[in-house]
Each structure stands twice: as C-alpha cells, then as structure tokens.
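Heads up: the structure comes next, in structure tokens.
Predicted model only: the values in this text are computed from it and were never measured.
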Amino acid sequence: MKETFADSWEESNGHVVPDPEDLLLSNEARHFERATILYADLTGSTDLVQNYPWSFAGEIYKSYLACAARIVRKRGGEITSYDGDRIMAVFIGDNQRTDAAKCGLQINWAVKNIVNPAMKAQYPNSSYTVGQVVGIDTSEVRKARIGVRGGNDLVWIGRAANHAAKLTECRKDYPTWLTAEAYARLSNSSKYGGSENELMWKEFNWTTMGDRKAYGSKLGVDGRRLKGGGLVLIVAPIDCRLAAS
C-alpha cells in the first residue's frame, strides 16, 4: 500500500486494448488519448431476482448479456468486463463514437425483436419484459492493473468509464444515452436514419451532472440492414433527473 502512494507512475501509449498480463501490478498505466466506453445494463434486476424463479432470472441474464456481447464484437468493440447484470465495452479507433452509438441502438433493437420474442415464446403467460439501458461516453482514459497476485484485473481510469455507467441510471423510456462529447463526434450515419432520414436523438439537460447536455434515443437499429444503407427504426416501449432542454 505504501509503495502504491509513493511510487511514480509509468505510462505508455495504447493502441490496442491490453490484457491483464500486459501490465504490471505496480503503478503502470496504458494511456489512450481517446476511447469510447459503453455500458449495457439490464433494468429491473432486483424485481427479477426477488419475484421470479432463479432459473428464469438466469435465462434472462444469459440471453441479454450474450446478445449484447455479440453486438459489441460485431461493431468492433472489446468486451472488458461482465459485472452482474451489465457488460462494459471499449471502442478505439477513428470511428469509435459512431460504432458505439450504432452498437447501443442495435442492442435496443435486438432486445425488442429477438430476446423478448424468444422469452415470450417459451413463457407465453409471463408478464415479464426484458428492459435495458445503454450509456456511452468518450474521453481520455488510462488502463491499469489492480488487485493482488493470483486475483487481479484491469480498470479503466477516466471520465468516460464513470459517466457511461451513470447514464444507465437515466430515464428508461430512452434506452440509449450519449454524453454531449460522444454525440458531437458522431457521423451522420448514426445521427439520422429511416426512410425520412430523421434525427434519432433528443437533447436533455443532465441535471444530476450540473445540467450538462445528454442525448437519448428511443429507437433501435436492425443490424442486419446496416450494410444496405437504410436504417430500420423501431420505437422502443423508470427516472433520474433528466429534463428536456
């Protein structure tokens, strides 16, 4: 502990997401001038584990997290951790904000059109509906190795990891959220879509974060149509203090 506070940090520039063995447990960090962090969080988990059979809860967890993970990888993201009912991923490279935003919209579409229909087909009398929220932010970050020998992992240090996680606590009627910094760097292909080429995001004041701007979307993108150019928009069917600006 004394050495952790006393020793200086050694940094190197990062170009790929490191594995734990790539960094030392001492004060060593991998620096990324810009990375985009995505959290995908299953909502209503307390109700799920308290009021439904454990096996049903397990099937919901497995289905949602597997679906989110596959979409993350398809969009070029790196899965960095599974934390209970949520997944954390990082995107690097020139198109990281656009890829992360499309990933969030695709997860929303997949939950509505793949996960929930599969669950309802198996449990037609169940009133349960899978819900989720994705939060995305982008910033300078560093990655360091934490823990002890034989039991350690990597942690992301920087605003993006913290704020992306906080966005998943926001209004659940908007399943995908971006900070203003992430939104400002989106390409038009992840801002607009559908036959009318409509804007897919609504601006809010993030009042719990000093009225910073945040952008929410109710829409979902069918990833099977992305390469064809036309985005298929699905309006998604509870509240942190976010007010429309």
Side-chain angles (χ1 to χ4, degrees), residues 17-20 35-75 77-91 100 103-112 114-116 118-120 122-123 126-137 141 143-148 150-179 182 208-209 214 216 220 236-240 242:
V17 178
D19 293 320
T36 299
I37 305 293
L38 176 149
Y39 272 96
D41 190 11
L42 185 69
T43 60
S45 294
T46 301
D47 174 67
L48 177 62
V49 299
Q50 287 183 344
N51 298 309
Y52 292 87
W54 72 264
S55 56
F56 178 77
E59 290 163 11
I60 298 299
Y61 277 43
K62 287 170 64 69
S63 299
Y64 171 68
L65 293 173
C67 180
R70 288 178 182 135
I71 294 171
V72 165
R73 286 181 172 172
K74 182 178 179 181
R75 292 246 53 95
E78 291 280 346
I79 299 164
T80 59
S81 68
Y82 294 91
D83 182 12
D85 59 357
R86 67 181 180 176
I87 187 173
M88 178 185 181
V90 61
F91 294 77
C103 181
L105 296 172
Q106 284 181 262
I107 291 172
N108 183 38
W109 186 93
V111 168
K112 284 185 57 64
I114 298 174
V115 177
N116 271 315
M119 185 271 292
K120 295 293 186 182
Q122 183 66 31
Y123 301 101
S126 176
S127 61
Y128 184 82
T129 300
V130 180
Q132 61 89 44
V133 177
V134 169
I136 299 166
D137 190 21
V141 296
K143 195 155 193 179
R145 192 174 180 182
I146 58 170
V148 297
N152 53 77
D153 203 349
L154 296 177
V155 63
W156 290 94
I157 304 168
R159 190 202 66 212
N162 181 268
H163 286 195
K166 286 184 179 298
L167 282 173
T168 66
E169 302 170 2
C170 293
R171 290 176 48 169
K172 305 304 187 286
D173 53 333
Y174 285 80
T176 312
W177 288 95
L178 303 170
T179 61
T208 57
M209 299 298 288
I238 279 179
D239 180 336
C240 87
L242 275 156

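Among residues two or more places apart in sequence or in another chain, the side-chain hydrogen bond (donor to acceptor under 3.5 Å, both in side chains) test is passed with N51 by D47. Not counting sequence neighbours, the partners of S81 by the side-chain contact (heavy atoms from CB on, under 4.5 Å) test are M88. Legend: residues meeting side-chain contact (heavy atoms from CB on, under 4.5 Å) with L65, ordered by chain and number and at least two apart, are Y82, I87. Remark: R73 pairs with no residue by the side-chain hydrogen bond (donor to acceptor under 3.5 Å, both in side chains) rule, at least two apart or across chains. Remark: Y64 pairs with Q132 by the side-chain hydrogen bond (donor to acceptor under 3.5 Å, both in side chains) rule, at least two apart or across chains. Every residue two or more places apart in sequence or in another chain that forms a side-chain contact (heavy atoms from CB on, under 4.5 Å) with I146 is listed here: V155. Applying the side-chain hydrogen bond (donor to acceptor under 3.5 Å, both in side chains) test to D85 and every residue at least two apart in sequence or in another chain returns S45. Residues meeting the ring pair (Phe, Tyr, Trp, His ring centres under 6.0 Å) test with Y61, sequence neighbours left out: none. Under the salt bridge (Lys or Arg N to Asp or Glu O under 4.0 Å) criterion, D83 pairs with R86, not counting sequence neighbours.
For the pair V130/I60, a side-chain contact is recorded, criterion being any heavy-atom separation below 4.5 Å from C-beta on. Using a 4.5 Å heavy-atom cutoff, the side chains of V134 and N108 are not in contact. Side-chain contact between L48 and L42 is present, with at least one heavy-atom pair separated by less than 4.5 Å.
One distance of note links CG of L105 with CZ of R75; it measures 10.0 Å at 0.5 Å rounding. Summarising the geometry, atom CE belonging to M209 is positioned 3.0 Å from atom NE2 belonging to H163; distances are rounded to the nearest 0.5 Å. The OG1 atom of T129 lies 5.5 Å from the CG atom of N116; values are rounded to the nearest 0.5 Å. Here the straight-line distance linking atom CD1 of I114 with atom CD1 of I71 works out to 6.5 Å at 0.5 Å rounding. In this structure, NZ on K172 lies 7.5 Å from CG on D41, to the nearest 0.5 angstrom.
With hydrogens and angles disregarded, a donor-acceptor distance shorter than 3.5 Å links the side chain of T43 to the backbone of G131. Judged by distance alone, with hydrogens and angles left aside, the side-chain atoms of K112 form no donor-acceptor pair with the main-chain N or O of I107 at under 3.5 Å. Under a 3.5 Å cut-off, the side chain of K143 and the backbone N or O of D19 do not form any donor-acceptor pair.
Between F56 and Y123, a ring centre-to-centre spacing shorter than 6.0 Å is recorded.
D137 and A182 get closest at one heavy-atom pair: CA-CB, 4.4 Å. The nearest pair of heavy atoms linking A161 to Y39 is O-CE1, 3.3 Å. The minimum heavy-atom distance between T168 and G135, with the atom names listed, is CG2-N, 3.6 Å. Of all non-hydrogen atoms in G104 and T176, the two that sit nearest each other are O-OG1, 3.5 Å. The two atoms that bring S127 and Y52 nearest to each other are OG-OH, 3.9 Å, heavy atoms only. Of all heavy-atom pairs spanning V141 and A35, the tightest one is CG2-CB, 3.6 Å.
Within 6.0 Å of CZ in R70 there are 12 or fewer heavy atoms belonging to other residues, nucleotides or ligands.
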| request: Please lay out, stage by stage, how L167 and T179 fare under the test side chain to side chain contact (heavy atoms under 4.5 Å, CB included). | output: CA-CA 8 Å; L167 282 173; T179 61; 3.8 Å; yes
